[in-house]
Amino acid sequence: MTFFSIDNLAIAFGGLQALQDIRFDVQAGEVFAIIGPNGAGKTTLFNCINGIYRPDAGNIRFDGRNIQGLRPDQVARLGIARTFQNIELFANMTTMENIMLGRHVFMRTGLFRGAAMWGPRSFAGREERDHRRQVEKIIDLLRLQAVRGKLVGALPYGTQKMVELARALALEPKLLLLDEPCAGMTAEEKQDMIFWIKDIQNDLGITILLIEHDMRMVMDISDRILAINFGQPITIGTADEVRRHPEVLKAYLGEEDHRESAA
Amino acid sequence: EEGVTATEIHIGQWGPQTGPAAAWGSVARGTDAYFKMINERGGINGRKLIHHMFDDAYNPAKTKAGVKELQEGTGMFAWVSGVGTAPGLAVRDYLMERGVPWVGPSAGSLHWVDPPHKYLFAVYPLYALEARALCRYAVANMGKQKIAIIYQNDDYGKNGLKGAREELARHGIELVAEVPVNVTDSDLKPHVMKLKKSNAEVVLLWTTVRHAVMTVGISKAMRFQTQFMSTSTCSDFPLMMHISKGAWEGVIAATFAELPDSGYPLLQTYKQEAFDQYAAKGERWGLFYYAGIVFAEPLVEAIRRCGDDVTRERLVQELESLKDFKGISGKISYKPFDPNDPSCRQGQSQTFLVQCMAGGKAKQLTDWATID
Amino acid sequence: MDMKRDYYEDVQLFTSGVVVFWMAIMLAALAIFPFLATSYYIYMANFLAINVIVVIGLNILVGYAGQVSLGHAGFFAIGAYGTVILMTEVHLPFLVALPLAGLIAAGFGFLLGLPSLRLEGPYLAIATLGFGLTITQIIGRIELFGGRQGLHTPELFIGPWHLESDRDFYFLLIPLTILLALTARNLIKTKVGRALIAIRDAEIAAETLGVNLMGYKTLAFAISAFYAGVGGGLYAFVLRFIEPEIFTLLMSIMFLAMVVVGGLGSIMGSITGACLLSWLDLQLRNILSIPYLGKWLEALSQEWFSITGVSNIQLIVFGAILVLIMLFEPLGIFGFWIRAKKYWKTWPF
Amino acid sequence: MEKKTIVNPLLEIRNIETYYDLIYAIRGASLTVAAGSVTAILGNNGAGKSTILKTLMGLIEDQPDKGTILFEGNRIDGRDTEDIVCRGISYVPEGREVFEELSVRENLLMGAYTRRDRDGVRRDFERIYDYFPILADRTHQWAGTLSGGEQQMLAIGRALMSRPKLLCLDEPSLGLSPILVKEIFRIITQINGEGVTILLVEQNARMALNIADTGLILENGRFVMKGPSRDLMDDPNVQEFYLGMQSETSAKGYQRWKRKRRWR
Amino acid sequence: MIDFIQMLINGIAAGSSYALIGLAMVIIYKTSEVPNFAQGEMALISTYVAYMLLEQHQFPSYLAFPLSLVFAVVLGCILEFTILRRAKEPNVLGMIIITIGIEMILMGLVSWKFGAEQKSMPFPISPYDSVMIGDFFVSTLEVLTLVVALCTMIVLFLFFRYSRLGMAMKATQQNPMAARIMGIRTRRILMATWGISSLVGASAGLLLSPVIMQPYMMWDPMLKGFAAAVMGGMTSLPGAVFGAYLLGIIENLFGGYISIEFKSVVAFAVIVLMLCIRPSGLFARHYVKKV
Ligand SMILES: Nc1ncnc2c1ncn2[C@@H]1O[C@H](COP(=O)(O)OP(=O)(O)OP(=O)(O)O)[C@@H](O)[C@H]1O
Ligand SMILES: Nc1ncnc2c1ncn2[C@@H]1O[C@H](COP(=O)(O)OP(=O)(O)OP(=O)(O)O)[C@@H](O)[C@H]1O
Ligand SMILES: [Mg+2]
Ligand SMILES: [Mg+2]
């Protein structure tokens, strides 16, 4: 049984057919990339998986369940986390608090136990502490110590992206959706990001769905790639297969050698 | 005694000077001028009346704060008037528990007298009584059968409604329309349409001044011919004629005091010695203004009768001994305290009816009469 | 900055000894106060405390969850009437009736929260405003609630303790206020509070992290309504009399102003904001008896304005204070505080 | 690419310092942009690149704290943004900042707000739709619902609509597909060829230096390197940290422990 | 049936003044996303200026009314210039509180100067004259209000539709920073909108004043106007007018047929229901943020 599969997905906005006939499956532990020109529907695809958009047709199966039609928070509870293309952080919270939100689904403190947090030994206090410990691990992993207590609104763009990733990891997802994680980063930072993604894949065993325009990165880390254009799949295959596909070349990479241009 | 020194007697009063009910603010200013007049004449048995008034914006919480501050700070001997049912009710228990006399709340509500309180003396005739007087006149003297009412949707209006219902029940008639209006309403067309549809020959107005004027005006615009009758609140004819641009002519109103231009001697004295001397620029010698005098008259009279022995117990005794006291309102009498008799603290139950003539002149329709 | 911080830090009630020290002094002052002051000042303290309760609740909704409400007088009324009715008609003891009335208000809050899921800004403002206006109309209509005539509160007993004076009530009210304030503080420091802020800042991101929008938005309304309801129940007994006209739109607006002036998203701000504005509201009536200034204002009125309307100066002053605070410190009093702290930290520079 | 000789500086920034409240973001930076040239500013995250542009545009209140900015010889620091824009500077902000509830067309129209010539505007519409055909398809769609890349195109198109003398671009290639990145840089060169001076902030250092005449490297609020772009490209440090040459052969484990080196 | 039509007419008559206030609020909201709670009082003070000119300085009405309208424009501009512009890093709630503060100041000034007593505005048209069309009555003043409201709407609509200013205003509302980058003089635009909005509001005040003139006269119309604007979508001029008439009609029909007591609040109940279906009002598209 496949870990994650999409079948026949379609969605339209008004007259615009944003996605159509999308079908693919992802094996557990894989890094699966989605590429395509701007406006091809990549983010929309993520939004459908997430439950932010309701697809007009199609099936999304995850871990043996049909998750199509679930609310975003229900999807999150099943273990799907994501980052966003335009950063969506909680600007008035510190980095630490942002990541703590990733722990939301694991926390048992409700209204009443929260209200009764009289000191660190109360239920809420203990739980808070335990989860902070988890968050510290993630902070260490992504080297965010320096900005732990800062309001994220004032952090540089690249760091904000890292915080977003950290927040998604805090959810302990089985499937992680990354929407252009490297946009706006320097070459050096991109490389760091590549390694982190690899670590996440290998050490944490998280399956990753990735949207990215930096072809080198995509080629580097993805096991398989899906290319779409105008909401329709062009091809699925390994990095080499995809980058030689004429339609991909024409619509996405440009005719010349992609390596030159994408670095 | 608290609030009394060898030369001074401190009297407190609240009244809205700001907020939606600020038009009633002149009551307190009227009392103020009245007290100044008395002081000018040498005070009461050598003591001057010191008037403390404050603005409560018709907000009971503020009323309570102000009353407490004055009572516990300076110390008031007694309280006079005080506009509004809700503000009054918020402080009533406080004053009664402390045994501070309170004379003449400016609202004709049953709350003041039923059950009666030892230290609370009402002057204003009950709204219900005014409604009775008007209905009785409409049925008995004018021979009208179809009577409707437009009333403000609160204690004030409901009291009027109650009085009208009771009086008409005696004649075996029912109101043909009862139309409530909320204080904040700004469009009274639907209300007037309801009245018009009932074909009422007489419409009782139990609303604020502005709603009364709107009702009469809109009726005129809708060509709805009827006899309007209003409570004393709207009996200030020059004012009503002015703001209704003449539409008020012909309206019959109940009043609880002599008319401003009636030439009643005491009233003229007040006008000359209190109003002309002390009223601020822009003040108007109207009903709301000298209502402040009406409510204070019995208090002043009772203090005068106390002589040198100005104590609260004595004051209560003297107030209770007032019999047919006549100031510028109807005759005022109180009875010794009886917890089961609401009438023991209802000082005045008299009213007379007037009709508005061209130019705001008033034509007296009936004499002072006590309504049962 | 780089050091790993103590996990306890945010969890503890008091972050440092200094805070404990000041807290103790505050508590002592609050405890002695009623023995030194006249009942007028105690009444005022009670009044302020009630506003503090409501404003803290409203801040949870406005400051933390980012929803606006112009209908809190409605919840306030529900709490007031609920408490009184539960006591007189159902004969529940006060300490049961009060939270129950709060829960009823919370129920209404929940209902009002439902349409709020999709509304924002002025749309939500109008919806809540309509709620506030309608509730008082409905209460005024129902005879059980005393209709338009209003209701007197019953005698107040807690067990054998008969609360007669304002001072008695003070001893009930102040601990309750402190309790509610601390509860609110705990609430927003833990999961619920974080989720609310998250919704305010980035709704969709919060959702994808497993925050149930519907649940938390309505919860915010419910919590906030609960606080308002409890405040209302207490208010009835401070005033000892309630009628529908007391719970006006103006009251809702005042609550909102207290929240914003105090500082959105700050409990301390709410406390100071509520105290400052309600104190001003009560005290400005005396503005004309301020030495010199009062005389001068009167002279000014004689010359240019009118004596009959002179009291309206208090409106002008109140309005001007609102405007000035918001102009110079959009974060409210809380903003002053933060700035002072920042300044202090970097002081020699 | 042909080297342009510095005729006269169109823009001159002298020793500016910028604070965000108490955060000291730009610590004395000077920069000269010659008329008709392309100048690229490179730097790490948080170096202050965007801050320089924001300061230049007068978007940070009461800033720069110190220093002067001259445009065509006139001081523009401390002036209103609108005023600066009217002098002929246009700016593509970081994070797109499109008008979300206006249509694509209306967004572009707003870009031409300072212009009076209707025909010219109409022609420029055509030009923008030519550059970015997908925008033409989305003419009546609300800009807020565009995809990330489409918004970026819109932001660039909008800035071009005002026919500026100086065009400031903050990471124009952010989130664009490879083909479009190339396209964007081609367009920038083309516009530059039409006489528009360009000030470019980019992460894509290779592309940026390729088309730029001059490059500057910003670290921690100070320029640490300046020079003709060719020279920068040959610099080993730049190659390692901005062009990513060294890491071509990178493998797991090596990079992880690599020390972050900075010019300080 | 006759009743029904008369109620419709009454509803439209009542709606006209809501429409004017609604339009005024929409104009400001369109640029700054602030519901202006001072709208009513800005109109109030202009109305009292007209009253003062007429009663105390014996100006002829053909001078007094235009002068008071000019005053309204100036007032709007001054308020924007001296107060709203000074707000640093404003958030919407802070701005609302500022407008509430302004509301109190203006209300205080009017009551201070003129007292709380009801005044009688010497208006050329008596509010109680009516014309009869068949079996139906309309007061002449209401006809005038209707005409003014519709003309204002049309003029404003055309102005905003066909001048660049209209779109610039919308841009300013959505992203003030980006608007400034486009060279839009946001401050001037804000000032202009406050001026225009104050003018429109003042005309509503003047038209209401013959019927009722005291410091609280604008409170209810302001709320209703606000509600009407929300009903229409808060950013749409025709929407505000449509909402206003719908509101007036609903109120009158509800008052006539169901319950007159709840007449004044039924509008809000209807709005809540309507917003459940169309969360951004009748005339505005609902924007859902895209991630
Ligand atoms: N809510 C919406 N309403 C209308 N159109 C939409 C909506 N969301 C997306 N679209 C359209 O659907 C298309 C796909 O958008 P999407 O965001 O998925 O693109 P993308 O592949 O992520 O592109 P990019 O790489 O530029 O981010 C775009 O043309 C966009 O304009
Ligand atoms: N609004 C703000 N308030 C406080 N500090 C800020 C603010 N904006 C930026 N900063 C700080 O100023 C410094 C420079 O930020 P800037 O955005 O200019 O960096 P950048 O070079 O553009 O980075 P990036 O490549 O991520 O866009 C950073 O350290 C950042 O934290
Ligand atoms: Mg995308
Ligand atoms: Mg930047």
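Residue numbers begin at 1 in each chain, while the letters A, B, ... track the order of the sequences.
Using a 4.5 Å cut-off between heavy atoms, D:Asn107 does not touch chain E at all. Looking at D:Ser90, there are no atoms closer than 4.5 Å to chain E (heavy atoms on both sides), in backbone or side chain. D:Leu146 touches chain E through its backbone: at least one of N, CA, C or O sits under 4.5 Å from a heavy atom, while the side chain does not. Neither the backbone nor the side chain of D:Ser162 comes within contact range of chain E, judged by heavy atoms closer than 4.5 Å. Contact of D:Ala112 with chain E is made through the backbone alone, with heavy-atom distances under 4.5 Å. Of the atoms belonging to D:Arg115, it is backbone heavy atoms, and not side-chain ones, that fall under 4.5 Å from chain E. The parts of D:Leu102 that come within reach of chain E are both its backbone and its side chain, each placing non-hydrogen atoms under 4.5 angstrom from that chain.
In summary, D:Glu94 and D:Lys49 do not engage in a salt bridge, as defined by a charged side-chain N under 4.0 Å from a carboxylate O.
Looking only at atom types and distance, the side chain of D:Tyr24 has no donor-acceptor partner in the side chain of D:Thr18 under 3.5 Å away. E:Thr186 and E:Thr172 share no side-chain donor-acceptor pair at under 3.5 Å. D:Ser50 and D:Asp170 share a side-chain donor-acceptor pair at under 3.5 Å.
Of all heavy-atom pairs spanning E:Asn36 and E:Met222, the tightest one is O-SD, 4.5 Å.
Contact count versus chain D (heavy atoms, under 4.5 Å) is highest, among E:Gln174, E:Gln173, E:Lys170, E:Arg187, for E:Gln174. The candidate from D:Pro93, D:Gly144, D:Ala155, D:Ala159 with the greatest count of non-hydrogen atom pairs under 4.5 Å with chain E is D:Gly144.
Geometric assessment of E:Arg185 against the ring of D:Tyr113 yields a negative cation-pi assignment under the 6.0 Å and 45° thresholds. Both tests hold for D:Arg105 against D:Phe125: distance to the six-membered ring centre under 6.0 Å, angle to the ring axis within 45°.
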